[in-house]
Amino acid sequence: MNVKTILVVDDEKDIVNAIKINLKNAGFNVLTAEDGKVAIDILEKISVHLIVIDLIMPLLDGERILREIKKRSGNVSIILLIKQGEYFDKTQALNIGANDYIMKPFTQEELMQKIKSFLKKEEVKLSKEENSHIIEIENLVIDLKKRIITMDNKYIKVTPIEFSILELLVKNHGKVLSVTSIYESVWNQKYFASDNTVMVHIRRLRGKIEREPNNPKIIKTVWGVGYKVDI
């Protein structure tokens with residue numbers, strides 16, 4: 001199980017301890033810092049999944065802390081803790097890196113809900129990025145990284161050229177690519193009008209990946225223009 005690490009930064013020890021206890025009980029790994037400088041030192045050494053931080057901190061002001069955090073931790077989500085009555089420019093805070101805020105006093109349930117929501121969004125985002133090379137069309141699964149095609153969980157053997165044609169169409173899904181653009185992209189040579197190489201390869205490719213090659217559902221012909229794949 002991948003345990004998420006959360007950094008809590010606040011100079012009010014009672015608040016930090018309460019948050020720490022609740023997060024630990026929920027199964028999170030928790031790091032704490034009493035000021036912005038300590039927080040920056042921690043981030044120099046340890047990767048965290050989310051940061052909960054008071055906007056007004058000793059040693060470093062809130063805006064500087066956020067900018068320094070973003071330099072070191074990239075797209076890590078940040079939830080600001082804001083005291084009632086404190087000057088707070090939400091737009092400015094969001095512009096310099098914060099993702100959301102919660103006003104003090106707050107309930108632990110309210111904070112936990114925000115934390116879980118952000119971590120869930122991050123998991124979904126990472127999952128999409130990790131699987132962005134897997135394309136599914138109809139009953140076909142195309143692995144662009146491994147250059148493998150399966151249909152109904154069975155491996156489909158295609159030539160490198162055939163795969164490159166399909167890859168080009170998939171990466172430009174929804175767009176109609178002309179025979180000229182396909183030829184010059186795949187073969188890296190100038191196309192001549194009398195050359196029917198693309199048509200021949202697409203016919204062979206359809207014979208391997210289409211249930212009904214004469215009525216294709218994957219590689220579609222746009223008469224007078226070219227070919228396209230819709231995802």
Side-chain angles (χ1 to χ4, degrees), residues 1-6 26-29 47-50 73-77 99 112-231:
M1 181 178 176
N2 183 19
V3 178
K4 303 294 185 183
T5 298
I6 298 175
F28 294 105
N29 181 39
S47 176
V48 304
H49 296 90
L50 183 141
S73 301
N75 295 321
V76 65
S77 295
N99 299 89
M112 188 67 70
Q113 185 177 5
K114 281 185 181 289
I115 289 171
K116 289 183 176 179
S117 175
F118 274 110
L119 292 176
K120 183 64 177 177
K121 288 177 183 176
E122 187 62 24
E123 284 181 2
V124 171
K125 179 183 175 183
L126 289 174
S127 177
K128 287 181 178 179
E129 290 174 352
E130 288 172 0
N131 295 300
S132 61
H133 62 286
I134 304 294
I135 308 296
E136 297 185 30
I137 313 169
E138 298 285 330
N139 59 321
L140 206 67
V141 178
I142 307 162
D143 188 325
L144 298 177
K145 188 181 292 183
K146 296 180 179 177
R147 295 180 71 83
I148 291 174
I149 301 173
T150 56
M151 183 167 63
D152 299 327
N153 296 318
K154 295 179 182 178
Y155 173 70
I156 302 299
K157 186 176 181 179
V158 297
T159 67
I161 288 292
E162 289 167 349
F163 190 93
S164 293
I165 291 172
L166 184 59
E167 180 182 26
L168 180 66
L169 290 168
V170 164
K171 286 183 175 179
N172 291 277
H173 63 89
K175 292 171 59 178
V176 181
L177 300 184
S178 68
V179 171
T180 301
S181 65
I182 293 172
Y183 184 89
E184 293 183 351
S185 295
V186 173
W187 278 269
N188 197 28
Q189 297 176 8
K190 185 172 178 59
Y191 173 76
F192 295 97
S194 60
D195 196 325
N196 66 348
T197 301
V198 171
M199 183 182 67
V200 170
H201 278 79
I202 286 182
R203 184 171 67 243
R204 290 174 181 167
L205 184 55
R206 280 173 169 166
K208 298 176 181 180
I209 67 173
E210 300 277 5
R211 288 193 186 278
E212 300 176 58
N214 293 327
N215 184 29
K217 302 294 184 183
I218 299 170
I219 300 178
K220 300 175 182 178
T221 299
V222 180
W223 296 107
V225 185
Y227 301 93
K228 72 169 184 172
V229 165
D230 291 321
I231 298 178

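Just so it is clear, the structure is predicted and the values come from calculations on it, not from any experiment.
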For Val170 and Ile137: C-alpha separation, side-chain torsions, deciding distance, then whether side chain to side chain contact (heavy atoms under 4.5 Å, CB included) applies.
CA-CA 9 Å; Val170 164; Ile137 313 169; 4.1 Å; yes

Go through the steps to decide whether His173 and Ile135 satisfy the test side chain to side chain contact (heavy atoms under 4.5 Å, CB included), and finish with yes or no.
CA-CA 11 Å; His173 63 89; Ile135 308 296; over 6 Å; no

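With Asn139 as reference, Asp152 is the one residue of Asn153, Asp152, Ile209 to meet the side-chain contact (heavy atoms from CB on, under 4.5 Å) rule.
His49 contributes a side-chain N or O that, together with a main-chain N or O of Thr5, makes up a donor-acceptor pair within less than 3.5 Å. Within the 3.5 Å criterion, the main-chain N or O of Ile218 finds a donor-acceptor partner in the side chain of Glu210. With Asp195 contributing its side chain and Thr197 its backbone, the two residues share a donor-acceptor pair below 3.5 Å.
Applying the ring pair (Phe, Tyr, Trp, His ring centres under 6.0 Å) test to pairs two or more places apart or on separate chains, those with a residue in residues 183-220 are Tyr183-Trp187, Tyr183-Tyr191, Trp187-His201.
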Side-chain donor-acceptor pairs under 3.5 Å in residues 159-166, sequence neighbours left out?
from   : atom 1 : to     : atom 2 : distance (Å)
Thr159 : OG1    : Glu162 : N      : 3.1
Thr159 : OG1    : Glu162 : OE1    : 3.4
Glu162 : OE1    : Thr159 : N      : 2.9
Glu162 : OE1    : Lys208 : NZ     : 2.7
Glu162 : OE2    : Lys208 : NZ     : 3.4
Ser164 : OG     : Arg147 : NH2    : 3.1
Ser164 : OG     : Pro160 : O      : 3.0

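The OH atom of Tyr227 sits 7.0 Å away from the CD1 atom of Ile182 when rounded to the nearest 0.5 Å. Separating the CG atom in Asp143 from the CD atom in Glu167 is a distance of 10.5 Å, to the nearest 0.5 Å. Expressed to the nearest 0.5 Å, how far NZ of Lys228 lies from CG of Leu169 amounts to 11.5 Å. The structure places OG of Ser181 at 8.5 Å from NZ of Lys175, a figure rounded to the nearest 0.5 Å. To the nearest 0.5 Å, atom CD1 of residue Ile148 and atom CD1 of residue Ile156 are 12.0 Å apart. For the atom pair CD of Glu138 and CE of Met151, the computed distance is 11.5 Å after rounding to the nearest 0.5 Å.
Counting heavy-atom neighbours within 6.0 Å of Lys114 NZ, excluding the residue itself, gives a total above 12. Counted within 6.0 Å of CG on Asn188, heavy atoms from surrounding residues, nucleotides or ligands total 12 or fewer; the atom is thus considered open.
For the pair Lys121 and Ser117, the minimum side-chain heavy-atom distance is below 4.5 Å. The closest side-chain heavy-atom distance from Gln189 to Glu184 is not below 4.5 Å. At least one side-chain heavy atom of Phe28 sits less than 4.5 Å from a side-chain heavy atom of Leu119. Within the 4.5 Å cutoff, side-chain heavy atoms of Lys220 are placed close to those of Asp230.
Applying the side-chain hydrogen bond (donor to acceptor under 3.5 Å, both in side chains) rule to Lys116 yields no partners; only residues at least two apart in sequence or on another chain are considered.
Ser185 approaches Leu168 most closely through the heavy-atom pair CB-CD2, 3.7 Å. For the residue pair Pro213 and Gly207, the shortest heavy atom distance occurs at CG-CA, 3.9 Å.
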